[in-house]
Structures are given as C-alpha cells and as structure tokens.
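Scroll down for the structure; my scribbles are underneath it.
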Amino acid sequence: MPTLLIRNAAVLVTMDDARREIRGGAIFARDGVIVQVGATADLPAMADDIIDAHDHVVLPGLINTHHHLVQSMTRAVPAAQDAPLFGWLQTLYPIWTRLTPAHVHAAVTVGLAEMMLTGCTTSSDHLYLFPNGSRLDDEIQAATEIGIRFTATRGSMSIGVSKGGLPPDVLTEAEPSILKDCERVIDRFHDPRRHAMLHVALAPCSPFSVSRELMRDTAIMARQKGVRLHTHLAENVEDIDYSLAHFGVRPGDYAEQLGWVGDDVWHAHCVQLDASEIALFGRTGTGIAHCPCSNMRLGSGIAPIGALLKAGVPVGLGVDGSASNDSGHLLNEARQAMLLQRVKHGAGAMSARQALELATRGGARVLGRDDIGHLAPGMSADLALYELGTIETTGADWDPVAALIFCGPQKAATVIVNGRPVVRDYTMTTLDLPRAIERHRALTRVLIDG
C-alpha cells in the first residue's frame, strides 16, 4: 500500500472539529487515507512519496458543489455578456444545441483541470444538455482520466417553449427516457462506498424546464437508489415570478410539495429565499450551493448566507457555469463569498476562515460526504498546498491562512487527490494540458463558426 508524507508545513489547516492550525505540521497517509496528523517531529520520517511543505499553507482539498463544465466553451459570448438569467439562457441555448460528445469530453477535461490547479480536489457537475448523442458517460470518462473526486449529476429538461418552458424543444427529452437513463447511470457508475471517487446524483435542471411529475418521480427514484438530488432554485426575481405564476407558490414551497427538501438534497443559488424558506431548509437540512461570482455576473442578487448559516442550513461553494462566472477558480469564489457578504452586511459579516470553511467542510456536508472536507485520521488524503513566497502573498506573513482569502487569488503549487499528486510544481501530472487546451480551442471554434 503506497504511503505519502507531507511535512514541515508553514501552517497545516486541518479544519477538524477543533479547527486546529498546526505550524510545522505534517500528514501521513496510506493507500489514499490519512493515518496521522500532527507536528512533523511526531510523524513517521519515511514514506513512498515525501513532499516538503516548507513555506506553504496546507489546506483540505477544496470542494466545488455546483458547475456546468460544458459552458467553458461559451465564455464571454457577446450577446450574453449583459443579460440576466433568462435572457442569458435564451442566448446560449441555440449554441448549446451544437454540442457533441467530443465537446463535452474536451470541455470537462479543461474545466476540471482549471479547478484542480486552484486547489479543488472534489467537484460536482450539473450536466442537463444531451444533444447529438452526448451522454453523462462522456464527462464521467473525462473526470476519471484526470483523477478528480467527482459527483456527476444527471440533469434533464423536458418542458420546452412549446409547453411554456424556457429551453428550445430540441434540447428537451421525453420524461420516460430521462428516468430510464437516470437509472442506467446510477446502476453503472455510482459508488456508495466511503472514499469513493465517483458519485451520481439526479438533477432536473430547474422548475421552469421540467414538469411537476418529473420532479416528483426523480425524487422517488433517487431515494429508492440511495443517491442525492440537485437542482437550481430561487436564483433571481424572474425565478420567483415564474414560480408564483405557474405553481401559485414560492420556490421553497414548491420544492417541499414535491419531496425536494431533506438532507439528501442541495439546491444551487437560492439568492431569493425568504425567511420562511430559510427556516424550512434549516429544519430539513436541505443544502445550498452558493455561487457568488455567477450571482454577481448575472445581477441575480446577494444570497442571504448569514441567515442561512444561522438557521443551520448546509452551505457550500460553487463556481457555477464557466459562461456565467466566467472562471473556475474556487479559492477566488471563497474570496468573493466573503467580500459580497461584507458589501451587504458590513466588515464583520464573514471572516476569511469562515469563507475557507464553506469551501471545505461546508462543501463536504452539502455533497453528503463524511470522508472529505477536513484533515484527520480516517479521512481521504485530499489536500492542496499554497506557496507563501508568491507575489500575491508577499507582505502577508502576519496571517498566511487569511492571506489565501484576502490577497489576490493564486494557484496551488501541489494538489493531492486520494493520496495521489495530480498537480506538482503548478503543473498537471495527469494531463497534457497544452494539448488539451489546443483541442478545446479547436472545438470551441467549431461552435463559433456555427
């Protein structure tokens, strides 16, 4: 069984139950699982792979709870640059109809590499577009090849414009076919074991693109199969207006009616939840993927994160789609989460360490995982090392942990997933990144040329 030793960390941020920060800290792992955490002098001196973390802050691997990786091929589309959510979607839908399995694989590969280079070790993705023979299998293959811990959510859209929905009919699927494929991907890919590298969740796109029946039937199937549920909810005021006009209730009430609350459910955004919906989510343990950059980019508003946390709602971070961010930098997402709460509620609204906790322990709770998110014996060996001698952190030795949030966003020097280095010296070890980018750009050009 291979062993790994990370030693001499300037600061080892465990995020454990005591929130210990260990100067000169070390981690010893065997076969992808942490065995010991403590001072370097107290841990074994030898291992199969030894990484000296001198002048580095070591964090638990960051966890991304919401993404649309295929959108990395439609960044900065001119007609969508200044549109709110519904107009943004209606501009991009026609482009997305031209996606192929090759586009999906290439976009997911590069999108995940971008995330991993910032210290992300676990990501979910919400894929609800399956044109031209594309399948969830295409992105699962890419995630497996690149070596990230992954939650693939089988999204769906069934209500097109002809039935009063938002997406074009060509991007929708028949509901029996959706449910059949949901069952197929769970049975083929979902790994329920602790330390699993691959989870599957079920994720109808949104209340304005699927029927009431599909929402209900998906929740029933997910609970029969023991997998999680995910969708978009209450993202902006248009979302609220649609729910009131079509369902006669607010989004939180609609979710409750259809079985979409509980500790096996997480919703993206939830910018416009009211006090009763926040209380509902707190009582039921329903999670939220907070996507501050996307919410700012689309003018959706500021999610009530302070009230959500006070109510006991699980909250993690998500970068959201690469066409609504337009970035995949999870450490930057944590920074923006902190700053945005301060804009709304004052300088004491969120600390740097609270933001880091959203990106680690918070994300693990939202994804329903007890094996990632902090560094302790028995946890998965997922971690990220950030160098202190960079221009971004020069002058921040007063508090190198807080510097990761307060200072300019930086890349991770080393990233380890399941005890395996996937980034060393700022370079992907599992991927020829220049070649992957070249392929990505060529396939993006196909979309641009239309």
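The first residue of the sequence shown is numbered 1, and numbering continues consecutively from there.
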query = In terms of side-chain heavy atoms, does Ser324 have a donor or acceptor partner in Ser294 at a distance below 3.5 Å?
reply = yes
ask   = Got a sec, which pairs hit ring-ring contact (aromatic ring centres under 6.0 Å, His included) with one end in residues 408-431, sequence neighbours left out?
value = none
query = Gly373 and Ala364: which non-hydrogen atoms are nearest, and at how many Å?
reply = CA-CB, 4.0 Å
request  = Provide the closest heavy-atom pair for Met157 versus Cys205 in the form atom of the first, atom of the second, distance.
outcome  = CG-CB, 3.6 Å
task = Look only at the side chain of Asp191 and the backbone of Arg193, and say whether a donor-acceptor pair between them is shorter than 3.5 Å.
result = yes
task = Output every pair passing ring-ring contact (aromatic ring centres under 6.0 Å, His included) with a member in residues 105-127, not counting sequence neighbours, ordered by first then second residue.
result = His66-His126, His68-His126, His126-Tyr128, His126-His230, His126-His232
ask   = Under 3.5 Å, side chain of Arg424 to main-chain N/O of Thr429, donor-acceptor pair present?
value = no
ask   = When you measure from the side chain of Thr14 to the backbone N and O of Glu21, does any donor-acceptor pair fall under 3.5 Å?
value = no
request  = For Gln272 and Arg250, test the side chains for any donor-to-acceptor distance below 3.5 angstrom and give the result as yes or no.
outcome  = no
message = Assess, by modelled atom type and distance only, whether the side chains of Ser300 and Asn236 contain a donor and an acceptor separated by less than 3.5 Å.
response = no
task = For residues Pro2 and Asp31, determine if any side-chain heavy atom of one lies less than 4.5 Å from a side-chain heavy atom of the other.
result = yes
request  = Would you name the heavy atoms of Ala106 and Leu443 that are closest together and state the gap between them?
outcome  = CB-CD1, 3.6 Å
task = Given side chain to side chain contact (heavy atoms under 4.5 Å, CB included), test Val319 with Leu330 step by step and report yes or no.
result = CA-CA 6 Å; Val319 300; Leu330 196 54; 3.8 Å; yes
task = Could you tell me whether the side chain of Leu89 reaches within less than 4.5 Å of the side chain of Leu85, counting heavy atoms only?
result = yes
request  = Indicate yes or no: at least one non-hydrogen side-chain atom of Pro400 is less than 4.5 angstrom from one of Arg23.
outcome  = yes
note = When every non-hydrogen atom of Ala334 is compared with those of Ala359, the smallest separation belongs to CB-CB, 4.4 Å
query = Is any side-chain heavy atom of Trp260 closer than 4.5 Å to a side-chain heavy atom of Pro207?
reply = no
task = Answer yes when Arg188 and Asp137 have at least one side-chain N-carboxylate O distance shorter than 4.0 Å, and no when they do not.
result = yes
ask   = Can you list the residues that meet the side chain to side chain donor-acceptor pair (under 3.5 Å) rule with Asp253, with sequence neighbours excluded?
value = none
ask   = Under the side chain to side chain contact (heavy atoms under 4.5 Å, CB included) criterion, do Val271 and Asp239 qualify, and how do the steps go?
value = CA-CA 10 Å; Val271 174; Asp239 208 337; over 6 Å; no
message = With side-chain hydrogen bond (donor to acceptor under 3.5 Å, both in side chains) as the rule and sequence neighbours excluded, what pairs involving residues 335-347 come up?
response = none
ask   = Can you name the salt bridge (Lys or Arg N to Asp or Glu O under 4.0 Å) partners of Arg283, sequence neighbours left out?
value = none
request  = Using the ring-ring contact (aromatic ring centres under 6.0 Å, His included) rule, collect all pairs that involve residues 180-207, keeping only residues at least two apart or in two chains.
outcome  = His190-His199
Leu62: which of Val415, Leu383, Thr360, Thr121 passes side-chain contact (heavy atoms from CB on, under 4.5 Å) = Thr360
key: Between Asp425 and Thr427, a side-chain donor and acceptor under 3.5 Å   = no
ask   = Between Cys270 and Ala303, what is the shortest heavy-atom contact and its length?
value = O-CB, 4.3 Å
key: N/O donor-acceptor pair under 3.5 Å between Trp266 side chain and Pro314 backbone   = no
message = Strictly by side-chain hydrogen bond (donor to acceptor under 3.5 Å, both in side chains), give each pair with a member in residues 34-48 just once, sequence neighbours left out.
response = Thr3-Asp48
query = So which heavy atom on Ala323 is nearest to which on Leu92, and how close?
reply = CB-CD1, 4.1 Å
task = State, yes or no, whether a side-chain contact exists between Met379 and Met15 at a heavy-atom distance under 4.5 Å.
result = no
inquiry  = Any side-chain to backbone donor/acceptor pair from Asp125 onto Leu69? Under 3.5 Å, distance only.
reply    = yes
query = Can you find a heavy atom in the side chain of Glu238 that is under 4.5 Å from one in the side chain of Phe208?
reply = no
query = Under the 3.5 angstrom rule, does the side chain of Asp16 hit a backbone N or O of Arg20 as a donor-acceptor pair?
reply = yes
key: Residue pairs, two or more places apart or on separate chains, that pass side-chain hydrogen bond (donor to acceptor under 3.5 Å, both in side chains) and touch residues 397-411   = Arg353-Asp399
query = Taking only residues at least two apart or on different chains, which pairs with a member in residues 270-310 satisfy ring-ring contact (aromatic ring centres under 6.0 Å, His included)?
reply = His267-Phe281
request  = Would you kindly say whether Gln71 and Asn325 are connected by a side-chain donor-acceptor distance under 3.5 Å?
outcome  = no
ask   = Within the side chain of Thr65, is there an N or O that forms a donor-acceptor pair under 3.5 Å with the backbone of Leu317?
value = yes
key: side chain to side chain contact (heavy atoms under 4.5 Å, CB included) assessment of Leu129 paired with Val104   = CA-CA 10 Å; Leu129 300 163; Val104 174; over 6 Å; no
key: Contacts of type salt bridge (Lys or Arg N to Asp or Glu O under 4.0 Å), residue Arg75, not counting sequence neighbours   = Glu114
Which donor-acceptor pairs under 3.5 Å do the side chains of residues 218-229 make with protein atoms, sequence neighbours left out?
from, atom 1, to, atom 2, distance (Å)
Thr218, OG1, Leu214, O, 2.7
Arg223, NE, Asp264, OD2, 2.9
Arg223, NH1, Gly259, O, 2.6
Arg223, NH2, Gly259, O, 3.0
Arg223, NH2, Val261, O, 3.3
Arg223, NH2, Asp264, OD1, 3.0
Lys225, NZ, Asp187, OD1, 2.9
Lys225, NZ, Asp187, OD2, 3.4
Arg228, NE, Val366, O, 3.4
Arg228, NE, Leu367, O, 3.4
Arg228, NH1, Asp263, O, 3.1
Arg228, NH2, Asp263, O, 3.1
Arg228, NH2, Val366, O, 2.8

task = Show your reasoning for whether side chain to side chain contact (heavy atoms under 4.5 Å, CB included) applies to Ile6 and His56.
result = CA-CA 11 Å; Ile6 311 292; His56 289 72; over 6 Å; no
Arg365 (side chain) donor-acceptor with Gly316 (main chain) under 3.5 angstrom = no
task = Calculate, to the nearest 0.5 Å, the distance between atoms CD and CD1 belonging to Gln354 and Ile305 respectively.
result = 12.0 Å
message = I'd like to check Thr231 versus Val210 (side-chain heavy atoms, cut-off strictly below 4.5 Å). Are they in contact?
response = no
request  = Compare all side-chain heavy atoms of Val70 with those of Leu127 and state whether any distance is below 4.5 angstrom.
outcome  = yes
key: Check: Arg212 side chain, Leu258 main-chain N or O, donor-acceptor pair, under 3.5 Å   = no
inquiry  = Does anything in residues 138-155 form a salt bridge (charged side-chain N to carboxylate O under 4.0 Å, His left out)? List the pairs, not counting sequence neighbours.
reply    = Arg149-Asp382, Arg154-Glu173, Arg154-Asp181
